[in-house]
Amino acid sequence: MNHADLTLVFDGAAVENGEIDVQNLGPALIALGDLIQSANEELNKKRAQVSVRVKATAAGSFEVGIGTAQYLMDKALPLLDSIPVDGDQVVIIASVLAIIVSLIRLYKFLKGKSPERVEQKGDRHLHIHLDGNTQVIDPRALQLFESIPVRKNTKSLVDVLLTDGIDSLRFKRAGQKAVEIFKSEVGYFDVEGPELEIKELTRPMQLQIISLSFKKDNKWRVTDGSEPFNATIEDAEFLNRIATNVELFAMGDHLQCVVRERQFQSNAGVRKEYSIIEVQQHHPATQHPRLL
């Protein structure tokens, strides 16, 4: 069994005398306990359990000490502060709390937006790029960010800031810089969250036209011989040839083209987006594509 502590600080006019309404404190503490439990579950699965206890309060801005204890479910598993590999390692509770604090920083950095780019830098660093700025995080913080239970429990905790007189929440851990959430930032923690691009691939494809549209921004329905999909035409030269009636179409025509496939992940699931960025050849349905 190992232990770690976290201090949650409520600040604002409603707690200036060192007291807080139990109707505000109770739901916030339950949400924090649920957040720690769901983060541990996401990072460790069934390999370890966590108990969360309120320890003590301090006067001034209302402070609550949170004590956690972690129990291994299999004594043969090594207790290591490491990214789980093949299910053999356990993220110790001190690191679980540190990753939760990093998660809060990620929310504040993104401000409810989607990152422009995510770069892997070794096993322990992700570089999140947005609006010309970069945030370096532990990959496990992004893992928590993508977990629906973690997102719901984080939002439940942050919702205490909707209470009149409570203006901020601050998370403090020994040896780690405190992070503070302000009332104006509650919207950053919406459960639905931003959509993350997780893959981009550009490749040549032979597509058969199922249906097409000449309205601006409308997508064409095509197939590569498997499942049909919608694709946006981004080849400006090809679109110009359509506009000047150089290109004429019939059902079943084929396009030899370059397609960009982008994959996104959100709480709603994974989706793909296709764009035809270059049309190299247009083969009428009555004409077989040339082999050479």
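Since the structure is predicted, the reported quantities are computational estimates derived from the model, not experimental observations.
For the pair T7 and E63, the tightest heavy-atom approach, listed with the atom from each and the gap, is CG2-OE1, 3.8 Å. The heavy-atom pair separating L157 from A31 by the smallest distance is N-CB, 3.4 Å. For the residue pair P228 and I210, the shortest heavy atom distance occurs at CB-CD1, 3.6 Å. Of all heavy-atom pairs spanning H125 and P139, the tightest one is N-CD, 3.8 Å. What you find for Q70 and I92 is that their closest heavy atoms are OE1-CA, 3.4 Å. Nearest heavy-atom pair across A141 and S102 is CB-CB, 4.1 Å.
For the atom pair L142 CG and S147 OG, the distance stands at 11.5 Å (nearest 0.5 Å). How far CD of E273 is from CZ of R262: 5.5 Å, rounded to the nearest 0.5 Å. Rounding to the nearest 0.5 angstrom, the gap separating the OG1 atom in T154 from the CG atom in D159 is 11.0 Å. Going from atom CD of E116 over to atom CG of N133 covers 9.0 Å, rounded to the nearest 0.5 Å. Taking CD from Q263 and OH from Y274, the interatomic distance works out to 8.5 Å, rounded to the nearest 0.5 Å. Within the model, atoms CD1 of I66 and CG of L97 stand 10.0 Å from one another, a figure rounded to the nearest 0.5 Å.
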Going through the distances and angles, do I276 and L207 end up as a side-chain contact (heavy atoms from CB on, under 4.5 Å)?
CA-CA 10 Å; I276 297 174; L207 299 176; 3.9 Å; yes
Audit row: K172, K177, side-chain contact (heavy atoms from CB on, under 4.5 Å) steps and yes/no
CA-CA 7 Å; K172 299 193 304 183; K177 185 178 179 181; over 6 Å; no
L126/Q120 under side-chain contact (heavy atoms from CB on, under 4.5 Å): CA gap, chis, key distance, verdict
CA-CA 5 Å; L126 282 181; Q120 181 82 42; 3.2 Å; yes
Which is it for I166 and L161 under the side-chain contact (heavy atoms from CB on, under 4.5 Å) test, yes or no, and what are the steps along the way?
CA-CA 6 Å; I166 299 180; L161 291 173; 3.9 Å; yes
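Not counting sequence neighbours, K183 has no partner by the salt bridge (Lys or Arg N to Asp or Glu O under 4.0 Å) test. By the side chain to side chain contact (heavy atoms under 4.5 Å, CB included) test, K152 pairs with I148, V191, sequence neighbours left out. Listed by chain and number, the residues in a salt bridge (Lys or Arg N to Asp or Glu O under 4.0 Å) with D5 are K55 (sequence neighbours excluded). L212 pairs by the side chain to side chain contact (heavy atoms under 4.5 Å, CB included) definition with I209, F214, W220, F249, not counting sequence neighbours. For T244, the side chain to side chain contact (heavy atoms under 4.5 Å, CB included) criterion is met by N240, V246, not counting sequence neighbours. For D235, the side chain to side chain contact (heavy atoms under 4.5 Å, CB included) criterion is met by E237, F238, E278, V279, not counting sequence neighbours. Listed by chain and residue number, nothing satisfies the ring pair (Phe, Tyr, Trp, His ring centres under 6.0 Å) test with F109 (two or more places apart in sequence, or in another chain). Listed by chain and residue number, nothing satisfies the ring pair (Phe, Tyr, Trp, His ring centres under 6.0 Å) test with F171 (two or more places apart in sequence, or in another chain). Listed by chain and number, the residues in a salt bridge (Lys or Arg N to Asp or Glu O under 4.0 Å) with R173 amount to none (sequence neighbours excluded). Take R105 and apply the side chain to side chain donor-acceptor pair (under 3.5 Å) test, not counting sequence neighbours, and it matches no residue. Listed by chain and number, the residues in a ring pair (Phe, Tyr, Trp, His ring centres under 6.0 Å) with F189 are Y107 (sequence neighbours excluded).
Residues I104 and F182 are members of separate hydrophobic clusters, defined by side-chain heavy-atom contacts under 4.5 angstrom among Ile, Leu, Val, Met, Phe, Trp and Tyr. L8 and V22 are assigned to two separate hydrophobic clusters, defined by single-linkage of ILVMFWY side chains at heavy-atom distances under 4.5 Å. Residue I30 is not grouped with residue F10 when hydrophobic side chains (ILVMFWY) are merged at heavy-atom distances under 4.5 angstrom, including chains of intermediate members. Under a hydrophobic clustering in which Ile, Leu, Val, Met, Phe, Trp and Tyr are joined whenever their side-chain heavy atoms come within less than 4.5 Å, directly or via other members, L248 and I233 fall into different clusters. Tracing side-chain contacts under 4.5 Å through hydrophobic residues (I, L, V, M, F, W, Y), one never reaches V136 starting from V118; they form parts of separate clusters.
Side-chain contact between T223 and F229 is absent, with no heavy-atom pair separated by less than 4.5 Å. The shortest side-chain heavy-atom distance between V96 and N44 falls under the 4.5 Å cut-off. Between M205 and V222, the closest side-chain pair of non-hydrogen atoms is not below 4.5 Å. Using a 4.5 Å heavy-atom cutoff, the side chains of I93 and H3 are not in contact. You'll find the side chain of V160 stays beyond 4.5 Å of the side chain of P27, heavy atoms only.
Side chain of E185 to main chain of K111: no donor-acceptor pair is present (N/O by atom type, distance under 3.5 Å, no hydrogens or angles). Put simply, the side chain of K108 gets close to the backbone of E180: a donor and an acceptor are under 3.5 Å apart. No donor-acceptor pair under 3.5 Å is formed between the side chain of E42 and the backbone N or O of E146. The backbone N or O of F145 sits less than 3.5 Å from a side-chain atom of R151, completing a donor-acceptor pair. Between the side chain of T68 and the backbone N or O of A4, at least one donor-acceptor pair lies under 3.5 Å. Between the R203 side chain and the V259 main chain, no donor and acceptor come within less than 3.5 Å of each other.
Summarising the hydrophobic clusters (Ile, Leu, Val, Met, Phe, Trp, Tyr; side-chain heavy atoms under 4.5 Å, direct or chained), the residues clustered with I277 are V258.
Within a 6.0 Å radius of NE2 in H127, other residues, nucleotides and ligands contribute more than 12 heavy atoms. Heavy atoms of other residues, nucleotides or ligands lying less than 6.0 angstrom from CD of Q176 number more than 12. The environment of CD in E200 is crowded: more than 12 heavy-atom neighbours from other residues, nucleotides or ligands sit within 6.0 Å. Under a cut-off of 6.0 angstrom, the local environment of NZ in K45 is crowded, with over 12 non-hydrogen atoms contributed by other residues, nucleotides or ligands. Heavy-atom neighbours of D164 CG from other residues, nucleotides or ligands within 6.0 Å: at or below the threshold of 12.
If you run side chain to side chain donor-acceptor pair (under 3.5 Å) between H282 and each of H254, E247, Q256, R241, only E247 comes through. Of the listed residues (V52, N153, V150), just one forms a side chain to side chain contact (heavy atoms under 4.5 Å, CB included) with D34, and that residue is N153.
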